[in-house]
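Input: a single structure, listed below in structure tokens.
First the proteins, then the strands, lettered A, B, ... as listed; each starts at 1.
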Protein chains: 2
Amino acid sequence: MSKPHQPRKHARQARARATQEAIVEAAARILEADGASALTTNRIAERAGVSIGSLYQYFPDKRSVIAQLLRRERAALLDDVRAASDGGGDPFAAVGALVDAALRHQFARPAMAMELERVETGLAMDNEEIALAAAIETAIGNILRRLDPQADAATARDVVAICRAIVNTAALAGETDPTRIRERVLRAVIGYLRPPAFSIP
Amino acid sequence: MSKPHQPRKHARQARARATQEAIVEAAARILEADGASALTTNRIAERAGVSIGSLYQYFPDKRSVIAQLLRRERAALLDDVRAASDGGGDPFAAVGALVDAALRHQFARPAMAMELERVETGLAMDNEEIALAAAIETAIGNILRRLDPQADAATARDVVAICRAIVNTAALAGETDPTRIRERVLRAVIGYLRPPAFSIP
DNA sequence: TGCGAATGTGAGTAATTGCTCACATTTTTC
DNA sequence: GAAAAATGTGAGCAATTACTCACATTCGCA
């Protein structure tokens, strides 16, 4: 009873790492251009310029390809959010930087971000994904508490949801001006937090 | 060249109408309980207690089943929103009623609403669906303009998006208290609109 | 009661999908 | 440079899917 096919857990050569990344990016591009329903394993391999067999050397199944793409995107967001958190002392500026990070993340490739969200729902989160989500929530919470000391986990979740919702809706409606969207997102978030130091002119 | 199979466009007997409704409700229940990936035509028919052949007598294809469910839900929302619009003269109360309508609509069967949204993205809207969406947008715009005379289509879209986002996020996180969610949604919407008459105590 | 129309049935089909495996090619190692 | 390890290949399989069709059952109505 020999195992004829032991998928590579770790890529040891640079070539293999390039293949792995090409596969993940191919998935991203398919989501972006053709949507979640077009995301088949054979299509991913074709778009990545590799054979279907190669795909299954580095990913045990389809969902792990999506999971890796999700990790890639979330890790980038976490970096961005932490950078915003390290900014100056002004709480309003910090929230502004947070919204900028969210907007960059969601609006850089809006169709991809939206389709990825759609696909994500059907996926159970693995431990790494849970840790990443928790870290993002914590980092955002730290920023929000500068404006509203009572901000909790639900507050952080709501803020993320508001950012996503407005950006996605705008992208769907064909809006292309980030400045205008930024203004609306910021208005919603600040309004939602309703900080004591904030008053209407 | 005879057509061996002419799908019924209109149900002429009550029995047929019941079958049609059972099919749509079966789709709703599958979405609610098992998610979009479980929504197969055979499963819909089974859950509805009819044969797969009967399903295809009243619906030309799978997407039209989903489209009908979508119409059912949207029409109910439109009624609710219009009722909110007909309410008293207080603009704040009107927006509150609007949020209530949205919350009822989204929170009555949260999982179903979410999965239906997921499925919707992959569907092109037909003319009836477009008209329904436009009517909802108009009705919401009418309410919002009482608070903010400059509210336009983008404003209405954003408000709907904010409502959905917060409710969905809350439902995903396992929240069950509508009052608490309502308070947050209202805060976000009012804050987003930032009406002149509104000031922080 | 009987007849045509309306409604209901479900095994079967063609297409698609995730995935495997026996094998070829390239790189590393000695 | 040769063996071994790592990487790459793609035809094809098993499972699933949306959908069809030849036929059975029930209803409306004389």
To the nearest Å, give me how far apart [atom1] ([X]) and [atom2] ([N]) are.
{"X": "B/Asp61", "N": "C/dA15", "atom1": "CG", "atom2": "P", "result": "18 Å"}
{"X": "A/Arg17", "N": "D/dG8", "atom1": "CZ", "atom2": "C1'", "result": "17 Å"}
{"X": "B/Gln20", "N": "C/dA6", "atom1": "CD", "atom2": "C1'", "result": "13 Å"}
{"X": "A/Tyr58", "N": "D/dT9", "atom1": "OH", "atom2": "C1'", "result": "13 Å"}
{"X": "A/Leu55", "N": "C/dC21", "atom1": "CG", "atom2": "P", "result": "16 Å"}
{"X": "B/Gln57", "N": "D/dT26", "atom1": "CD", "atom2": "C1'", "result": "13 Å"}
{"X": "B/Glu21", "N": "C/dG8", "atom1": "CD", "atom2": "P", "result": "12 Å"}
{"X": "A/Glu46", "N": "C/dG18", "atom1": "CD", "atom2": "P", "result": "13 Å"}

- Query: Which heavy atom of B/Val95 sits nearest a heavy atom of B/Leu147, and at what distance?
  - Reply: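 It is CG2-CD1, 3.5 Å.
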- Query: Picking from C/dT26, C/dG18, D/dT17, which would you name as closest to the side chain of B/Thr40?
  - Reply: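 In terms of side-chain proximity for B/Thr40, the closest of C/dT26, C/dG18, D/dT17 is D/dT17.
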- Between C/dG8, D/dG8, C/dC19, which nucleotide has the shortest distance from any of its atoms to the side chain of B/Arg15?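 The listed nucleotide nearest to B/Arg15's side chain is C/dG8.
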Can you find a side chain N or O atom of [X] that sits less than 4.0 Å from OP1 or OP2 on [N]?
{"X": "B/Tyr56", "N": "D/dT20", "answer": "no"}
{"X": "B/Ser54", "N": "C/dT9", "answer": "yes"}
{"X": "B/Ser51", "N": "C/dG10", "answer": "no"}
{"X": "A/Thr41", "N": "C/dG18", "answer": "yes"}

- Query: Going by an N to O cut-off under 4.0 Å, is there a salt bridge joining B/Arg74 and B/Glu129?
  - Reply: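 Result for this pair is yes, salt bridge flagged.
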- Item | B/Asp34/B/Arg29 ion pair, N-O < 4.0 Å |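 No, B/Asp34 and B/Arg29 are not salt-bridged.
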- Item | Contact nearer the 5' end of DNA chain C, comparing B/Ile52 with B/Gln13 |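 By nearest-heavy-atom nucleotide position, the 5'-most residue is B/Gln13.
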- Item | DNA chain D: 5'-proximal contact among B/Ala38 and B/Ala14 (nearest heavy atom) |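 Taking each residue's closest nucleotide, the earlier one in sequence belongs to B/Ala38.
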- Message: Are there over 12 heavy-atom neighbours, none belonging to A/Asp177, within less than 6.0 Å of that residue's CG?
- Response: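 Check passes, neighbour count above 12.
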- Message: Run A/Arg63 and A/Glu120 through salt bridge (Lys or Arg N to Asp or Glu O under 4.0 Å) and show every step you take.
- Response: CA-CA 9 Å; A/Arg63 30 166 301 149; A/Glu120 182 193 2; over 6 Å; no
- Is there a donor and acceptor pair, one atom on the side chain of A/Asn42 and one on the base of C/dC19, closer than 3.5 Å?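 Indeed, a donor on one side and an acceptor on the other fall under 3.5 Å apart.
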- Quick one: label A/Ile44 by what it contacts on the DNA or RNA (base, sugar-phosphate, nothing), any heavy atom closer than 4.0 Å.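 Here A/Ile44 touches no strand at all.
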